[in-house]
Participant: 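Below is a structure I'd like to ask you about.
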Amino acid sequence: MANLPQTTNFIRDIIIEDIKNNKYNGKVITRFPPEPNGYLHIGHAKSICLNFGLAKEFNGKCNLRFDDTNPSKEEQKYVDAIIEDVKWLGFDWEDRLYYASDYFEQFYNWAVELIKAGKAYVCDLSSEEIKEYRGTLTEPGKESPYRNRSIEENLDLFERMRKGEFKEGSRVLRAKIDMSSGNLNMRDPVMYRIKHEPHYRTGNKWCIYPMYDWAHGLSDSIEGVTHSICTMEYEDHRPLYDWFLDQLNIYHPQQIEFARLNLSHTVLSKRKLLKLVNEKYVDGWDDPRMPTLAGMRRRGYTPEAIRDFIERIGVGKKESLVDIALLEYCVRKDLNEKAPRVMAVLNPLKVVITNYPDDKVEYLQAINNPEKPEMGVREVPFSKIIYIERDDFMENPPKEFYRLTLNREVRLRYAYYIKCIDVIKDGAGNIVEIHCTYDPETRGGWSPDGRKVKSTLHWVSASHCIEAEVRLYDYLFTKERPDETEEDEDFTNYINPKSLEILKSCKLEPSLANAKPGSIYQFERLGYFCVDTKDSKDGSLVFNKTVGLKDEWSKILKKSNFNISS
RNA sequence: UGGGGAGUCGUCUAACGGCAAGACGGCAGACUCUGGAUCUGCUUUUAGGGGUUCGAAUCCUCUCUCCCCAGCCA
């Protein structure tokens, strides 16, 4: 895959140093800890590749752990989707599938321990009051009036919280740390809240649920994680992560933070992605325009391409915006090697080859993948009436256009040289078909007299081709940074109205009749397209455009501001 | 204005006191039965000031800019 000299990163350097110093007995154990409250996206892929990749590299293990401490947001369907996506990306946690919810009893016992040590207390302040008492960024907080309850009372109250004697929101368990800390996370953070709500795994067994800060480090500790890798926004939480582990005096992993991925022209926050789904800006989490792994998979992106991309963007602590062009480069690079080539005409223009015999059909040999001769050849039918791409003919072309125009000769790929002799229009002046002659001497696309043509067009035989729907995708957002919104503006303002274009009756070469859902092809001269796994059926195929080929001509068009409408 | 973090080509990442490098993008060109692929070349960088040093992106210092934190979310 990536033939680059592998470039290191600061986390790898830390691990190498730790192994050298025999910290953790030279072991490396990491974990990928998603909350099952949504679908995984390309940003998660960075974390997955990092955690699983580092573990593999250093002969360690990486666990998959669901951080399921909040029953109001979590669902089994997300667990299932996440499992599928991590597998698809190519990683294996073997038998180490864990759930924070499996540790609830242990967390509870540790909380009791902290209460007994006078390090935690039950607080009766309302959430609004807790907020008030917390102080501000610049002013210290005030201590809760319940802060100095006796250990006995705390123990009793906490037990009764668990038993369900109290209303939701009436009490919480808090760590007794420092209400004047400059770090807000240390101002007596909440460890447990009451939620009379069933949990998708523990059902009604619990009505108190641990907060992230309390649960996360403990889970890491239980699992023997050595390097707990998370994103930068948790940097402020590290002192608390350390504090809990230190108070309990249990095995203490180290938390390391890296910068999360930002991608141009896309949003990568669960909240925003959820909004796109809920408000129907897209057609579900697996809409091919979504940056979710499910969406990208449906779009035709390969795990190899995504992993290569993640490898190339590197890992650091500075916030950055990666150009989506790099992702597209990785996809093209991978698909160029893998995808069989076929001919498909998306916007058909009828061509009559006037000097070709009416009923003749020839089968011409076409190469499946010039990058990989071992992928063999196939035969493509040719006849008197064919379709070419409308864009491949221009009546009054600019000089840079070297496709078909009146009186010019071009090559039909793998077939013949043809020359345009007539343009047929309807009453409104629209071109309805063109007439060409072919040179029988050029069969296969070679001219015996060695004359050259400037271009080669793809085509399909009208009487043999099959029809299909093709969906073209563009960036979901027109703005490079849709997250960067002006005041009273929403990121949805930047949604690209042309992010989806549906072409209903595209003409495909007949070899595609049996194309399997999920299979990916290169439509020659156009791009990579995959058979949609959801809407495609036998006999009515639907293709998704994965990514276009590099397109010099469109650049020329853009530069010169030509009107594309011939 | 409290606490935490970050500043290297347009973008991403490397260089760990010793020639600022690679990739993507962009621009040119070569080649080509995909205006694809491939190949070649060019493009352009240490936020700023001061200091230490034979030598600083790297160490010290001051300044500037950007990001994160006031959920009983993770």
Side-chain angles (χ1 to χ4, degrees), chain A residues 2 4-5 7-9 13 33-35 37 67-70 72-74 123 125-127 130-132 134-141 168-174 180-187 189-195 208-209 211-213 215-216 230-239 257 259 264 270-271 312-330 332-333 336-337 341 343 366-367 370-371 400-403 411-415 444-446 452-458 522-527 548-556:
Chain A
L4 319 156
T7 113
T8 191
N9 64 59
D13 292 344
E35 183 188 17
N37 67 344
D67 229 338
D68 53 355
T69 56
N70 184 355
S72 9
K73 292 186 165 185
E74 298 152 4
C123 180
L125 254 24
S126 69
S127 58
I130 287 183
K131 188 178 167 154
E132 276 175 44
R134 184 152 35 224
T136 68
L137 291 178
T138 50
E139 297 158 326
E168 221 164 285
S170 60
R171 285 180 230 264
V172 291
L173 184 73
R174 292 230 253 169
S180 63
S181 171
N183 181 346
L184 273 354
N185 295 121
M186 301 301 272
R187 320 243 261 229
V190 173
M191 296 164 62
Y192 277 94
R193 75 286 212 183
I194 299 170
K195 272 178 185 279
I208 55 171
Y209 290 93
M211 298 288 290
Y212 165 87
D213 285 306
H216 202 89
C230 62
T231 45
M232 292 297 287
E233 65 269 28
Y234 290 104
E235 211 156 23
D236 286 346
H237 295 246
R238 185 168 8 112
E257 308 86 9
S264 65
K270 272 191 192 172
R271 203 199 98 240
R312 283 164 185 270
I313 60 173
V315 182
K317 289 173 84 78
K318 96 168 169 183
E319 65 149 13
S320 62
L321 179 72
V322 177
D323 193 334
I324 197 163
L326 182 61
L327 212 210
E328 295 181 336
Y329 164 83
C330 294
R332 278 192 203 103
K333 181 168 162 285
N336 178 45
E337 293 169 18
R341 283 132 250 191
M343 291 195 284
I367 295 164
E371 308 293 319
E400 294 90 342
F401 183 88
Y402 44 85
R403 277 114 97 143
R411 172 169 37 230
L412 292 178
R413 180 141 231 226
Y414 301 121
W446 299 100
K452 301 276 193 221
V453 287
K454 210 52 166 124
S455 78
T456 300
L457 309 186
H458 61 279
Q522 186 194 97
F523 289 0
E524 291 218 39
R525 302 209 301 135
L526 298 175
L549 256 20
K550 274 212 280 194
D551 185 0
E552 292 290 322
W553 171 238
S554 76
K555 276 188 205 166
I556 294 167

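In the text below, chain A, chain B and the rest are named by the order of the sequence lines, each starting its count at 1.
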Participant: Using the glycosidic torsion, which applies to B:rG71: syn (within 90° of 0) or anti (everything else)?
Facilitator: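 Syn for B:rG71; the angle stays within 90° of 0.
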Participant: Take atom CG of A:Leu327 and atom P of B:rG25, then tell me their distance rounded to the nearest Å.
Facilitator: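 So the CG-P distance, A:Leu327 to B:rG25, works out to 12 Å.
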Participant: Rounded to whole angstrom, note down the C1' distance from B:rG7 over to B:rA57.
Facilitator: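 Here B:rG7 and B:rA57 have their C1' atoms 11 Å from each other.
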Participant: Between A:Met211 and A:Pro189, is there a side-chain heavy-atom distance shorter than 4.5 Å?
Facilitator: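 No. Closest side-chain heavy atoms not under 4.5 Å.
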Participant: Using the P atoms only, state how far B:rU45 lies from B:rU53, rounded to an integer number of Å.
Facilitator: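 So the two P atoms sit 30 Å from each other.
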Participant: According to the Watson-Crick and G-U wobble definition with distances under 3.5 Å, which dot-bracket string, read 5' to 3', encodes RNA chain B, using [ ] for crossing pairs and | for pairs with another strand?
Facilitator: .((((((..((((....[..))))((((((.......))))))...(((((..]....))))))))))).....
Participant: Could you check how far NZ of A:Lys317 sits from P of B:rU8, rounded to whole Å?
Facilitator: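 It works out to 16 Å between those atoms.
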Participant: Over all strands shown, is A:Asp213 touching base, sugar-phosphate only, or nothing at heavy-atom distances under 4.0 angstrom?
Facilitator: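 It contacts nothing in the nucleic acid.
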Participant: Can you name the residues that form a salt bridge (Lys or Arg N to Asp or Glu O under 4.0 Å) with A:Glu233, not counting sequence neighbours?
Facilitator: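 Result, salt bridge (Lys or Arg N to Asp or Glu O under 4.0 Å) vs A:Glu233: A:Arg260.
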Participant: For A:Arg413, which residues count as a salt bridge (Lys or Arg N to Asp or Glu O under 4.0 Å) partner, sequence neighbours excluded?
Facilitator: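 Partners of A:Arg413 by the salt bridge (Lys or Arg N to Asp or Glu O under 4.0 Å) criterion, ordered by chain and then number, come out as A:Glu524.
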Participant: In whole Å, measure the gap between the P atoms of B:rA56 and B:rU46 for me.
Facilitator: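 Approximately 15 Å lies between the P atom of B:rA56 and that of B:rU46.
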Participant: Just how far, in rounded Å, is C1' of B:rA6 from CD of A:Glu235?
Facilitator: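 Spelled out: CD on A:Glu235 to C1' on B:rA6 is 9 Å.
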Participant: Dump the pairs, protein N or O against N or O of nucleotides 65-72 of chain B, anything under 3.5 Å, distances to one decimal.
Facilitator:
from	atom 1	to	atom 2	distance (Å)
B:rC66	O2'	A:Glu319	OE2	3.3
B:rA70	O2'	A:Arg134	NE	3.2
B:rG71	OP2	A:Arg134	NH2	3.3
B:rC72	OP1	A:Arg134	NH2	3.3
B:rC72	OP2	A:Arg134	NH1	3.3
B:rC72	N4	A:Leu125	O	3.0
B:rC72	N4	A:Ser127	N	3.1
B:rC72	N4	A:Gly169	O	3.0

Participant: Protein within reach of the bases, or only the backbone? For nucleotides 34-41 of chain B, mark each nucleotide 5' to 3' as B, S or -, using heavy atoms under 4.0 Å.
Facilitator: BBBS----
Participant: Below the 4.0 Å mark, does B:rU13 have OP1 or OP2 next to a side-chain nitrogen or oxygen of A:Lys318?
Facilitator: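 So the side chain of A:Lys318 is within the cut-off, an N or O lying under 4.0 Å from OP1 or OP2 of B:rU13.
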Participant: With a non-hydrogen cut-off below 4.0 angstrom, is A:Val453 in contact with a base, only sugar-phosphate, or nothing?
Facilitator: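 Nothing, no nucleic acid heavy atom in range.
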Participant: Any carboxylate oxygen within less than 4.0 angstrom of a Lys/Arg side-chain nitrogen, looking at A:Glu257 and A:Arg238?
Facilitator: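 Yes, charged N to carboxylate O under 4.0 Å.
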Participant: Which residues pass the side-chain hydrogen bond (donor to acceptor under 3.5 Å, both in side chains) test with A:Arg525, sequence neighbours left out?
Facilitator: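 Applying side-chain hydrogen bond (donor to acceptor under 3.5 Å, both in side chains) to A:Arg525 gives A:Asp392, A:His458.
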Participant: Nearest 0.5 Å, what's the NE2-CG distance between A:His216 and A:Asp67?
Facilitator: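 Answer rounded to 0.5 Å: 5.5 Å.
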Participant: Residues in side-chain hydrogen bond (donor to acceptor under 3.5 Å, both in side chains) with A:Glu74, at least two apart?
Facilitator: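 For A:Glu74 there are no side-chain hydrogen bond (donor to acceptor under 3.5 Å, both in side chains) partners, ignoring immediate neighbours.
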Participant: Between A:Thr69 and B:rA74, is there a side-chain N or O to OP1/OP2 distance below 4.0 Å?
Facilitator: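 Looking at the OP1 and OP2 atoms of B:rA74, one of them is under 4.0 Å from a side-chain N or O of A:Thr69.
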Participant: Taking the same atom, C1', in B:rC31 and in B:rU40, what whole-Å distance lies between them?
Facilitator: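 To the nearest whole Å, 11 Å.
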Participant: List for me each residue that meets side-chain hydrogen bond (donor to acceptor under 3.5 Å, both in side chains) alongside A:Lys317, sequence neighbours excluded, and say none if there are none.
Facilitator: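 A:Lys317 satisfies side-chain hydrogen bond (donor to acceptor under 3.5 Å, both in side chains) with A:Glu235 once adjacent residues are dropped.
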Participant: Rounded to the nearest Å, what distance is computed from the CD1 atom of residue A:Ile324 to the C1' atom of nucleotide B:rC24?
Facilitator: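 Computing the A:Ile324:CD1 to B:rC24:C1' distance gives 13 Å.
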Participant: Can you list everything that forms a salt bridge (Lys or Arg N to Asp or Glu O under 4.0 Å) with A:Arg332? Sequence neighbours excluded, please.
Facilitator: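 Not a single residue meets the salt bridge (Lys or Arg N to Asp or Glu O under 4.0 Å) criterion with A:Arg332.
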Participant: Applying side-chain hydrogen bond (donor to acceptor under 3.5 Å, both in side chains), name anything that partners A:Ser72, two or more places apart in sequence or on another chain.
Facilitator: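 In terms of side-chain hydrogen bond (donor to acceptor under 3.5 Å, both in side chains), with neighbours along the sequence ignored, A:Ser72 is linked to A:Asn70, A:Lys195.
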Participant: Which whole number of Å gives the distance between the P atom of B:rG36 and that of B:rG17?
Facilitator: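 Taking atom P in both B:rG36 and B:rG17, they lie 45 Å apart.
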Participant: In whole Å, measure the gap between the P atoms of B:rA15 and B:rG55 for me.
Facilitator: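 It comes out at 24 Å once rounded to the nearest Å.
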Participant: Taking salt bridge (Lys or Arg N to Asp or Glu O under 4.0 Å) as the test, write out the residues that go with A:Arg171, two or more places apart.
Facilitator: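 Scan of A:Arg171 (salt bridge (Lys or Arg N to Asp or Glu O under 4.0 Å), adjacent residues dropped) gives A:Asp124.
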Participant: Atom CD of A:Glu328 and atom CG of A:Asp323: how far apart are they, to the nearest 0.5 Å?
Facilitator: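 One gets 8.5 Å once the value is rounded to the nearest 0.5 Å.
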Participant: Can you sort out the partners of A:Tyr414 under ring-ring contact (aromatic ring centres under 6.0 Å, His included), two or more places apart, ordered by chain and number?
Facilitator: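 By the ring-ring contact (aromatic ring centres under 6.0 Å, His included) rule, A:Tyr414 matches no residue at all.
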Participant: Using the P atom as the reference point in each nucleotide, state the distance between B:rA47 and B:rA20 in Å, no decimals.
Facilitator: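 Roughly 15 Å separates the two P atoms.
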Participant: Sticking with atom C1', work out how far B:rU8 lies from B:rU13, rounded to a whole angstrom.
Facilitator: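 Between the two C1' atoms, the distance is 10 Å.
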Participant: Mapping A:Pro33 and A:Leu321 onto RNA chain B by nearest heavy atom, which one lands closer to the 5' end?
Facilitator: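 The residue whose closest nucleotide sits nearer the 5' end is A:Leu321.
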